[in-house]
Amino acid sequence: MTIDIHYKPLPRDFYGQPTLKLAQSLLGALLVSMTPDGSASGYIVETEAYIGPHDRAAHSYNNRRTKRTEMMFHRAGKVYTFVMHTHCLVNVVSGKLEQPEAVLIRAVEPYAGIDLMCNRRKMPFGKNLTNGPGKLTKALGITMEQYGHDFSHPPLFLAEGIQPGKIFSGPRIGIGNSGEAKEYPWRYWIANNPFVSK
DNA sequence: GGTTCGATCCTT
DNA sequence: AGGATCGAACCG
């Protein structure tokens, strides 16, 4: 498996940023997925930070360490995938070792391999192709097989992308029963980008 | 081994 | 606004 010449994988120390900063730095980065069916990629346009153990909305709240959350305790840059309502969602592990933090990738803007993405999603090109965390994983062919992989190299990696322009932030989505954490403005998105989920 | 519940998506 | 749908977590 080789890396296309124009992809510049992000350096390892990129992932060492504090989680809230990483969630913003990820905006504009290129998420690249290579599978036997082909390669596809998209610019990240929306993220959410989860900072266990004090974040009630995080799977790792109260240092909950299970088969599912185990990867959140590993080193920054690892792939944390989990299944939600039949959809696979993908996170970038962040924070220091043994500190269970991660950034959820909520939406991307398709860049390459668009035909492949349309085939996987069984729909024509449009914002609905990748404007949600479960949609983009299906479009890019990301599954639980990537759990524990490292974003620094193929077949699933992050590469230098575009400058995001203006960044907005606000409360996270779909975390109703998490008390005060519900209002933390830990969701970030590129202003006016049509592929943002809401 | 049964029960509960989503970091969602899609269609009214 | 509501149903689909299924694995993980939790409780026993």
Side-chain angles (χ1 to χ4, degrees), chain A residues 15 19-24 26-27 29 31 33 42 44-74 76-95 99-110 117-149 151 156 158 168-190 194-198:
Chain A
Y15 302 97
T19 296
L20 292 183
K21 188 157 193 308
L22 179 66
Q24 297 166 76
L26 282 167
L27 295 175
L31 177 61
S33 173
I44 297 172
V45 299
E46 181 181 359
T47 61
E48 279 180 1
Y50 288 87
I51 306 182
H54 303 294
D55 175 5
R56 248 181 90 179
H59 293 153
S60 54
Y61 175 62
N62 210 17
N63 272 320
R64 189 167 52 150
R65 189 164 188 159
T66 66
K67 181 187 177 189
R68 177 172 69 159
T69 65
E70 175 64 26
M71 196 50 54
M72 291 186 76
F73 292 80
H74 288 226
K78 287 289 190 177
V79 177
Y80 170 43
T81 46
F82 67 94
V83 174
M84 176 63 173
H85 284 94
T86 75
H87 302 282
C88 181
L89 276 58
V90 65
N91 294 250
V92 181
V93 174
S94 59
Q99 292 183 359
E101 308 178 7
V103 177
L104 170 69
I105 301 175
R106 283 197 58 88
V108 306
E109 175 179 329
M117 289 192 244
C118 290
N119 288 340
R120 286 176 174 142
R121 292 272 292 139
K122 302 190 195 316
M123 61 167 54
F125 178 79
K127 66 181 182 184
N128 286 335
L129 200 56
T130 54
N131 67 345
K135 300 178 190 179
L136 73 92
T137 54
K138 184 165 187 185
L140 292 174
I142 298 171
T143 69
M144 286 304 293
E145 289 183 21
Q146 325 295 338
Y147 183 89
H149 178 66
F151 275 112
L156 179 63
L158 288 165
F168 284 169
S169 67
R172 293 168 294 179
I173 292 178
I175 54 168
N177 295 329
S178 55
E180 298 195 349
K182 182 174 59 177
E183 299 165 32
Y184 298 167
W186 290 352
R187 171 178 171 243
Y188 302 94
W189 66 95
I190 296 179
F195 289 89
V196 171
S197 67
K198 274 184 80 173

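Throughout, a chain's letter reflects where its sequence line sits, starting with A, and its residues are numbered from 1.
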Applying the 3.5 Å cut-off to both distances, the Watson-Crick or G-U partner of dT8(B) turns out to be dA4(C)

Distance alone, cut at 3.5 Å: any donor-acceptor contact between the side chains of Y80(A) and H59(A)? yes

With rounding to the nearest 0.5 angstrom, report the CE to NZ distance, M72(A) to K78(A). 15.0 Å

For [X] and [N], give me the distance from atom [atom1] to atom [atom2], rounded to whole Å.
| X | N | atom1 | atom2 | result |
| --- | --- | --- | --- | --- |
| Y147(A) | dA8(C) | OH | P | 10 Å |
| L89(A) | dG7(C) | CG | C1' | 13 Å |
| E145(A) | dG7(C) | CD | P | 15 Å |
| E70(A) | dA8(C) | CD | C1' | 15 Å |

So what does L104(A) hit on the nucleic acid, given a heavy-atom distance under 4.0 Å: a base, only sugar-phosphate, or nothing? base

May I ask you to say what R68(A) touches in the nucleic acid, namely base, sugar-phosphate or nothing, with a heavy-atom cut-off under 4.0 Å? sugar-phosphate

Nucleotide range of DNA chain B contacted by chain A, 5' to 3', under 4.0 Å to a heavy atom? dG6(B) to dC10(B)

Contact summary for A181(A) and D55(A), nearest pair of heavy atoms: CB-OD1, 3.6 Å

From the options R187(A), K127(A), K198(A), select the one residue that forms a salt bridge (Lys or Arg N to Asp or Glu O under 4.0 Å) with E46(A). R187(A)

Does NZ or CZ of R172(A) come closer than 6.0 Å to the centre of the six-membered ring of Y50(A), within 45° of the ring's axis? yes

Would you say dA8(C) has OP1 or OP2 under 4.0 Å from some side-chain N or O of T66(A)? no

If you compare every side-chain N and O of R64(A) against the phosphate oxygens of dA8(C) (OP1, OP2), does one of them come in below 4.0 Å? no

Indicate yes or no: at least one non-hydrogen side-chain atom of T47(A) is less than 4.5 angstrom from one of W189(A). no

5'-most contact on DNA chain B: I173(A) or R121(A), nearest heavy atom basis? I173(A)

